[in-house]
Amino acid sequence: MTDNRPTIAIMTSGGDAPGMNAAIQGAYCNASELGYRVLGIRSGFTGLLEGDLFQLQDGDVKNIIQIGGTILGTSRCEEFQKETAQKQAADYCRKMGIQAVIIIGGDGSFAGAQKLADHGIGVVGIPATIDLDIGCSDYTIGFDTAVNSAMESIDKIRDTSRAHSCCSVIEVMGRRAGYIALWCGIANTAKTILVPEKQEMDSFIEHLKSIQFTDGTVIVAEGCGKAEEIAQKIQESLNIHTRANVLGFLQRGGSPTCKDRLYGCMMGAYAADLIHSGKRCHVVVSQNGEVSHMEITEALSMTKPFPDYLYHLNQVISKCN
């Protein structure tokens with residue numbers, strides 16, 4: 001029997017983030033309720049270029065809200081930066097009768113979405129990145145889970161550091177943004193943090209000397225350097241025993257927190273509503289506790305101001321812990 005329902009598709013793109021499955025579930029369930037046939041695209045823009053699509057069914061999204069990662073898979077597709085690839089993807093969407101694509105990811109994914117929109121395909125982006133670095137949205141799916149996973153691991157490392165009177169340099173994710181390091185710096189009472197937004201690589205040793213640092217934790221976002229190199233610098237400058245720790249993918253995985261499940265499901269459902277209302281080049285955003293939307297061109301032009309007060313607060317509390 002021919003399925004004559006209008007068709008939309010869903011993909012996850014870029015780095016995976018806990019809560020992506022919740023967004024898939026919310027988008028699928030609401031889109032189905034609104035009368036759409038929903039296709040899943042495997043492996044992001046790579047899957048779109050390769051025609052790796054399938055029709056999503058109720059069974060595909062059953063009990064996925066509590067699972068980390070993404071059931072659709074993801075990738076970083078360099079090929080999609082080429083005009084020929086963008087046109088190929090748009091032509092394929094038209095061939096498949098796809099009216100719009102819901103793209104769950106970060107700024108890079110949104111840039112790809114805009115290129116798809118430039119070739120006449122409707123797009124709605126959903127902000128999902130553990131780095132919390134999308135300027136248009138106060139919250140991004142995955143951050144709460146990632147920062148709590150990091151916090152719990154740092155607590156355990158900190159206990160051992162104190163027991164052995166040593167310094168533990170802990171590298172967390174954040175190539176261009178230091179929000180995980182910043183939040184954990186306060187929540188874990190780190191002696192100092194290193195973040196890309198505050199290029200103070202030369203002054204952090206002086207800060208540690210000023211507080212007579214002997215043991216505890218130093219948290220570094222990966223964009224500021226390698227934990228091993230920073231640990232060596234501390235050991236040589238302060239003559240204290242230092243160890244390096246890299247949390248790595250531990251921060252990406254695991255069951256999403258309630259917040260990431262809620263925001264993922266809500267943003268996914270809202271994306272389906274936007275398509276149904278005729279919005280074809282937009283991004284779902286969270287601003288002042290409310291979920292809304294804006295045009296993708298405006299979203300991509302926005303930057304997120306770094307919370308200097310929180311950075312200052314870490315420096316303050318490091319003196320009395």
Side-chain angles (χ1 to χ4, degrees), residues 1-14 19-62 64-65 70-75 77 79-80 83-105 109-128 141 264-284 291 293-296 299:
M1 183 177 177
T2 303
D3 191 337
N4 294 319
R5 291 177 297 170
T7 301
I8 65 172
I10 304 172
M11 74 160 71
T12 48
S13 173
M20 279 184 162
N21 283 329
I24 294 168
Q25 185 185 70
Y28 168 81
C29 292
N30 197 29
S32 298
E33 181 73 14
L34 292 169
Y36 291 89
R37 182 172 74 110
V38 185
L39 303 181
I41 304 172
R42 295 187 179 94
S43 302
F45 288 102
T46 299
L48 182 58
L49 291 175
E50 295 175 352
D52 193 0
L53 284 70
F54 67 103
Q55 183 165 336
L56 281 167
Q57 306 286 349
D58 291 356
D60 295 315
V61 301
K62 185 177 181 180
I64 66 169
I65 196 169
T70 162
I71 63 164
L72 294 177
T74 188
S75 68
C77 183
E79 181 71 15
F80 201 76
E83 177 82 15
T84 52
Q86 296 159 15
K87 184 178 183 301
Q88 174 189 332
D91 288 344
Y92 181 72
C93 285
R94 278 185 281 270
K95 176 183 175 183
M96 296 294 293
I98 297 171
Q99 296 183 2
V101 182
I102 295 174
I103 299 172
I104 306 166
S109 303
F110 291 174
Q114 184 177 42
K115 295 299 183 183
L116 201 57
D118 290 344
H119 286 82
I121 303 302
V123 296
V124 173
I126 297 176
I141 298 166
C265 194
M266 179 170 54
M267 287 181 166
Y270 191 81
D273 284 334
L274 289 179
I275 292 172
H276 193 61
S277 66
K279 301 292 189 294
R280 289 292 189 271
C281 192
H282 288 71
V283 173
V284 178
V291 173
H293 61 276
M294 66 176 60
E295 291 189 356
I296 198 167

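Just so it is clear, the values below take in all heavy atoms, side chains as well, and ignore hydrogens, waters and symmetry mates.
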*Just jot down the side-chain hydrogen bond (donor to acceptor under 3.5 Å, both in side chains) partners of Ser43, sequence neighbours excluded, or say none.*
none
*Can you name the side-chain hydrogen bond (donor to acceptor under 3.5 Å, both in side chains) partners of Thr74, sequence neighbours left out?*
none
_Do Tyr28 and Asp58 make a side-chain contact, defined as non-hydrogen atoms from C-beta onward lying under 4.5 Å apart?_
yes
*Parallel, tilted or perpendicular, as decided by the 30° and 60° cut-offs, for the rings of Tyr270 and His293*: tilted
_Within 6.0 angstrom of Glu33 CD, more than 12 heavy atoms from elsewhere_ = no
Quick one: does any side-chain atom of [X] pair with a main-chain N or O of [Y] as donor and acceptor, under 3.5 Å?
X: Gln55; Y: Val38; answer: no
X: Tyr36; Y: Arg5; answer: no
X: Gln25; Y: Cys265; answer: no
X: Asn21; Y: Ile71; answer: yes

Pairwise distance [atom1]([X]) to [atom2]([Y]) - rounded to 0.5 angstrom:
X: Leu34; Y: His276; atom1: CG; atom2: NE2; result: 5.0 Å
X: Leu48; Y: Met11; atom1: CG; atom2: CE; result: 5.0 Å
X: Ile98; Y: Ile121; atom1: CD1; atom2: CD1; result: 7.5 Å
X: Ser13; Y: Met20; atom1: OG; atom2: CE; result: 7.5 Å
X: Ile104; Y: Ile10; atom1: CD1; atom2: CD1; result: 6.0 Å
X: Ser32; Y: Ile8; atom1: OG; atom2: CD1; result: 8.0 Å

*State which residues pass salt bridge (charged side-chain N to carboxylate O under 4.0 Å, His left out) with Arg37; sequence neighbours excluded, sorted by chain then number.*
none
*For Glu79, what residues pass the salt bridge (charged side-chain N to carboxylate O under 4.0 Å, His left out) criterion, not counting sequence neighbours?*
Lys82
_Any donor-acceptor N or O pair under 3.5 Å, side chains His119, Gln88_ = no
Looking at every non-hydrogen atom in both residues, tell me the closest pair between [X] and [Y] and how far apart they are.
X: Ile102; Y: Ala272; value: CD1-N, 4.2 Å
X: Phe45; Y: Gly112; value: CZ-C, 3.7 Å
X: Pro6; Y: Gly35; value: CD-O, 3.5 Å
X: Gly47; Y: Leu53; value: O-CD1, 4.1 Å
X: Val123; Y: Ala100; value: N-CB, 4.5 Å

*Could you list all the side chain to side chain donor-acceptor pair (under 3.5 Å) pairs where at least one residue sits in residues 90-101, not counting sequence neighbours?*
Lys87-Asp91, Asp91-Arg94
_As a test of understanding, state which of Leu72, Val101, Leu49, Ile103 forms a side chain to side chain contact (heavy atoms under 4.5 Å, CB included) with Ile41._
Val101
*In this structure, which one of Asp273, Ile141, Ile126 forms a side chain to side chain contact (heavy atoms under 4.5 Å, CB included) with Val284?*
Ile126
*State which residues pass side-chain contact (heavy atoms from CB on, under 4.5 Å) with Asp52; sequence neighbours excluded, sorted by chain then number.*
Arg42
